[in-house]
Protein chains: 2
Amino acid sequence: MALWNTVPYSLRQLQYLVAVADLGGFRRAAAACGVAQPSMSAQIAQVEQAIAVQVFERGARGVRVTAAGAAVIDRARAVLLAARDFSDIARQHSDPLSGTVRIGVIPTVCPYLLPEVASALKAQLPNLHVVWSEDKTRALVDQVDAAALDGAILALDPRVEHLEHAAIGDDPFVLAAARDHPLAKRTGPASAEVLQGETVFLLEDGHCFRDQALALCGATGAKEAELKATGLATLVQMVGGGSGVTLLPRLAVAVENRRGQLAVRPFKSPAPRRSLVLAWRRGSAMKRPLDAVARVIRNQMPASAARPHRASKRR
Amino acid sequence: MALWNTVPYSLRQLQYLVAVADLGGFRRAAAACGVAQPSMSAQIAQVEQAIAVQVFERGARGVRVTAAGAAVIDRARAVLLAARDFSDIARQHSDPLSGTVRIGVIPTVCPYLLPEVASALKAQLPNLHVVWSEDKTRALVDQVDAAALDGAILALDPRVEHLEHAAIGDDPFVLAAARDHPLAKRTGPASAEVLQGETVFLLEDGHCFRDQALALCGATGAKEAELKATGLATLVQMVGGGSGVTLLPRLAVAVENRRGQLAVRPFKSPAPRRSLVLAWRRGSAMKRPLDAVARVIRNQMPASAARPHRASKRR
DNA sequence: TCGAAGTGATAGTCTGAGGCTATGGCTCTC
DNA sequence: GAGAGCCATAGCCTCAGACTATCACTTCGA
């Protein structure tokens, strides 16, 4: 009963099973797999016979997956996922820094980091093709878990703990207010206590930066403004009105305050900050290229914001 | 980049890779896979080319796995394991109670439970072929984790916690002593305190029954005998000499004390006991047949020893 | 030192798995 | 009731992967 005994089906047949299930029909699946519909029919019929399970109910309007079929297709997916891991690890070992990696980035990092980093990556890892996408932490973590993404750039957070990660750098928070706001009168580092009693504008739910800023507000006795912003740019607009202050990640200041409409003050050391990491599914075959990407980004972080608070964390 | 895109290798090629790695040579692997050696050579060469990784170093005395090859073969194993799961789940859904399950049993249960249970299983699950093996808890758990076994009959224990399991029944401990031993003077249930100051013979290290009995000794102030037995039969022999007492699982009494050489007394309720379970790898495709096997065994347990202490536990 | 026994690689042939096109039968929809 | 869409069937063709026979090489042991 060794692992290398023959099985009565092929990887390709499993791919066909999943394709038909995903696309809901033989013709569509055939087209997606680049074969003719009769070939698809024949292969599906064959695998159904081989495993003695009717996976699909054929109807005039396409196919339905049977109850037994759903379980079978679940396992077929697992096999194909393992096969993809095999391909990945093989590519890593033929040339670890080539191929494609899919990396997601949270919205409060993406527009500020990517422009800088993209060209550096192209220069230092010329054979590595990085596909970027932007989403909030929850969605990114889910996609990494499901292997829809190879990695994600996130702020360190309980939701990230089950993933492996490499440090990218720390990003301190800064205090931003309209130029005529009382808190803008003084320059130089602010102590966190100046927030006491202030009205602070924050991002809407779902942004991890909101949670981090909210924690700081709670600790200092600031109160949250009624209005919630959908992005940092909106936040800057709101505060520009003069009726409150906000917190910004240092990384975003150069872009969001490019016209200098706000006064920006750092916090006294140790400044509140978020730790940015590149995280991936534990045991992912893409560990090596992701590690390399993290190294490039780390060296590319704006010098003032870079340098993790302590030694670079790794798991 | 969907899951159903074609891959440049076949399941069979992965089987060949693993076979060559396991058996250390092309000819042996070819024989094990039932093909001619040139076919094996050709397929290995092809997959090595497809993934652009040299997996094996060919030498005059067989092959060695390269560093990159080891990682690749690791993933190939994962794919084949997933494929086996696929086969399993398919068989479950074509006929859940047919096929083969491999079940390990601990030594302090195996010889007493199996004779009774084997015929009941044959009668109630005629299409299910059960392959039994005997080993200690640690080894069994490792084999279940590695999918070398589908399930194992064990006493509930921290080492079993990460597995799913179905209850089989509780097995109370009994006190056994030579017929002329002071503790054999009285009949009827003994309180655990009678062990105070007694010399108790126990099994050697590695038996979970040793740990359970030792815990009871510690709680009651009994002391362990110098000599450690390799099995319950030896334990009975030792105690027969009259210089000490021992604990036996109720399950073993009928067999080990069949000649009545020892006086056997139950403990007062609630008697110390072990909970026997059939455990399997979480998410195993063999859940359904294993569950059925557990049910058969549960109904077959000697009536006096059966009946779990509380409701049957399941996860 | 040389042959025997082991290793994997190569050459040439053959068969069948799985691709294709063309077409049929069925069931919804208009 | 015609048409559009679905999957199944029939018949053909090609190439992946099996086979046998043999070679080249290394490592023993007489």
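In what follows, every chain begins at residue 1, and chains take the letters A, B, ... in the order their sequences are listed. No hydrogens, no waters, no symmetry mates; every other heavy atom, side chains included, goes into these values.
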Nearest-Å distance, CZ (Arg58(A)) to C1' (dG5(D))? 17 Å
Between P of dC7(D) and CD of Gln54(A), the distance in whole Å: 14 Å
Does CD belonging to Glu57(A) count more than 12 external heavy atoms closer than 6.0 Å? yes
Per side chain to side chain contact (heavy atoms under 4.5 Å, CB included), Ile103(A) is matched among Ile153(A), Leu140(A), Asp150(A) by Ile153(A)
Would you tell me whether Gln13(B) and Gln43(B) have side-chain atoms, one donor and one acceptor, within less than 3.5 Å of each other? yes
Per atom distances to the Pro38(B) side chain, the nearest of dT10(C), dG18(C), dT9(D) is dT10(C)
Quick one: is dG8(C) close enough that its OP1 or OP2 comes under 4.0 Å of any side-chain N or O from Ser41(B)? no
May I ask you to say what Gln37(A) touches in the nucleic acid, namely base, sugar-phosphate or nothing, with a heavy-atom cut-off under 4.0 Å? base
Do any side-chain nitrogens or oxygens of Ser39(A) fall under 4.0 Å of OP1 or OP2 in dC20(C)? yes
Gln43(B) side-chain proximity, nearest of dG17(D), dG8(C), dG19(C): dG17(D)
Take the protein atom CD of Gln49(A) and the nucleotide atom P of dG18(C), then report the distance between them rounded to whole Å. 13 Å
Run the side-chain contact (heavy atoms from CB on, under 4.5 Å) check on Leu163(A) and Asp145(A) step by step: do they pass? CA-CA 8 Å; Leu163(A) 301 174; Asp145(A) 286 340; 3.6 Å; yes
No-hydrogen, no-angle side-chain donor-acceptor test under 3.5 Å, Tyr9(A) and Ser87(B): yes
Out of dG19(C), dC20(C), dA18(D), minimum distance to the side chain of Ala36(A) belongs to dC20(C)
Taking dG18(C), dT9(D), dC20(C) as options, the one with an atom nearest any side-chain atom of Gln46(A) is dG18(C)
I need the residues from residues 8-33 of chain B with at least one non-hydrogen atom less than 4.0 Å from DNA chain D; give them sorted by number, or say none. Arg12(B), Tyr16(B)
CD1 of Ile89(A) to CG of Asp74(B): how many Å apart, nearest 0.5 Å? 8.0 Å
Specify the separation, in whole Å, of atom CZ of Phe56(A) and atom P of dC6(D). 16 Å
Would you give the length of the straight line joining atom CD1 of Ile297(A) to atom CG of Leu121(A), rounded to the nearest 0.5 angstrom? 5.5 Å
